[in-house]
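Okay, so here's the structure we're looking at.
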Amino acid sequence: MRIEDKIIIEQIAARDERALETLAALYGEICRRTARNILGSDADAEEALNDALFRAWNAIPASPPAHLQAYLITLTRRIALDMRKSQTRTKRGGGIVPAALSELEECISADSDVEQAVDRTLLRDAIDRFLMQLSTEKRRIFIERYTLFLRTTEIAERHGMTDSAVNMALSRIRKALHTFLEEEGFL
Amino acid sequence: MKHDDLLEIMGEIDPQFIEDAVRGSRSPKLLLRRLFPYAGGAAAVLILGFSAFVIYGVIRDGIAQQNPPAGYTETAASLPGTDLTQISGAETATASVTTAPRAELPSDEFVEVIVTEPPVTTTAMSTLPVPADMEMPDAALNQSVGDRMSVNWLSTSGVLAVTIEDAQYYASYEEAGLEFSDFTEQFQEEQFYALRYKQDAVSSYTVQADDVRKIQELLRDQYFVKVRVKLENINAISSLTQFNGIYPIDHPDDSYARDYDFDIKQFCFFAYSSDDDCQLVCQRWPMYFSAEGEAYPESRDQKRDWIYLPPGESKTIELGVFLPQHLARKEGSSLYAEQEVAALPYYCFGCGNISRPFVRLDLAEHSRTDT
């Protein structure tokens, strides 16, 4: 654990509110970006982050995370996805999430009966194993797209690649994931 | 299983993978790509171009051999074994022009292609500094003059190495030659977020002149510590912004950023409040001094400009930090901070706390004694 994470967790445990400020300053940017790409709104993204900070404030004393940054990103992402669900009950929204969903159709069909029985934990572990097999760069690209919901242009910039190269890489990884899940018996 | 579920599962993967992806790559390969995003294509075009040129040369030579130019003779082609000094002037000229270049040109061009590429890679890799102390050890919270630490948590876009080159303290900011300036009037009409992580924490500016005087009084009981630090961007390639370089962390309360220019002899004071108990917060930015006499103690944008460091470069700045005298301990010629003090101190009227964690400077043996 990084020293700053350790300090923040200790501060939260001591109910020192400045820890939240530091937490937001250190990791807020990527959380905001993820939430913004899910929700399409700066204000909603800010709300998701605030909510995540609030939940972290309440949860960390009882169960401090081993990876604070990933923890905050995961919280924000989950909250943003929940917010998006409630928003799209009345209005179908566009943006990155539908695009990402559509892309992932290549990996898992929503109509498959077999998938109903799939244990989420098993699938998550399988995806972890798949990600472990990938090269570091491919793994990062995949996570940036489907975990952090970054745009392909953003991913291209981070990796010094062209947009089309990122799309090509994502396409190949999705096919590889599909094959992997077939081999593992998930499909 | 629905696709939504898969998306959710993608959020539950190994946190180490997520942190690794957020942190991004700092590999030489990526640096090359960033520097030369189309290097692959360009290299391909270059090689193809040269190949085409060489093939053209071979074909041209083939045609030339089939259709020898005027003056070309079989006798001239066999000249390497001949003593040129014994040949007439006209024959010598014919031999040098028609035989030697045609035999050596293709291999020269190939050599040129091969030599052009590797130095680019080699140079880029060799200019990537990879220090031994990349990770900040736990013990680094105590810093002395001469210490070098890696503080990647100060920056959202890279790893910053900080070397404390010198530290001096003064009995007061006035002794350090500074003047107190109150900028609160300039914020009177503004509403801004006091603490953005709290929703509905919008507060109006309520600090009164008495509060300002109170803080001014309080500052009289504080040492003013001037620290000279060397900042090095040791391997920053922005992972979260479009810029390459190092910036200080963005403070969440950034809505008050203004473009004020301060004289180097002044330091700014402004404050804001919220309605919560113990949340009347007064904030002073640290003072950054440049060699040119510029000071950027307040404006976030200006501070960014000032602190910006391209990868591999370094700057030396002076940083002013207040250290409450009751938290300081003097031993002989040394001054110690009994508690952690920081570059971005806060003062809270409710609890009187004026410290922030993270940076503690041990000034032992390096401080001024004439206080």
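No experiment lies behind these values; they were computed from the predicted model shown. Below, each value reflects all heavy atoms present in this structure, side chains not excepted, and no hydrogens, waters or symmetry copies. In what follows, every chain begins at residue 1, and chains take the letters A, B, ... in the order their sequences are listed.
The part of A/Arg139 that comes within reach of chain B is its side chain, from C-beta onward, which places non-hydrogen atoms under 4.5 angstrom from that chain. Of the two parts of A/Phe149, only the side chain, counted from C-beta on, holds a non-hydrogen atom closer than 4.5 Å to a non-hydrogen atom of chain B.
A donor-acceptor pair under 3.5 Å is formed between the side chain of A/Asp128 and the backbone N or O of B/Asp14. No donor-acceptor pair under 3.5 Å is formed between the side chain of A/Arg140 and the backbone N or O of B/Ile18.
Rounding to the nearest 0.5 Å gives a distance of 6.5 Å between OH of A/Tyr27 and CD of B/Glu19.
Between A/Met132 and B/Phe17, the closest side-chain pair of non-hydrogen atoms falls below 4.5 Å.
Remark: A/Phe180 engages A/Phe130 in a ring-ring contact (aromatic ring centres under 6.0 Å, His included) (not counting sequence neighbours). Contacts of A/Phe142 classified as ring-ring contact (aromatic ring centres under 6.0 Å, His included), with partners at least two apart in sequence or in another chain: A/Tyr146.
A/His67 and B/Gln16 make their closest contact through CE1-CG, 3.3 Å (heavy atoms, listed as atom of the first residue, atom of the second, distance). Residues B/Val22 and A/Gln69 come closest through the heavy atom pair CG1-NE2, 3.1 Å.
Enclosure of atom CZ in A/Arg172 is not indicated, since only 12 or fewer non-hydrogen atoms of other residues, nucleotides or ligands lie within 6.0 angstrom.
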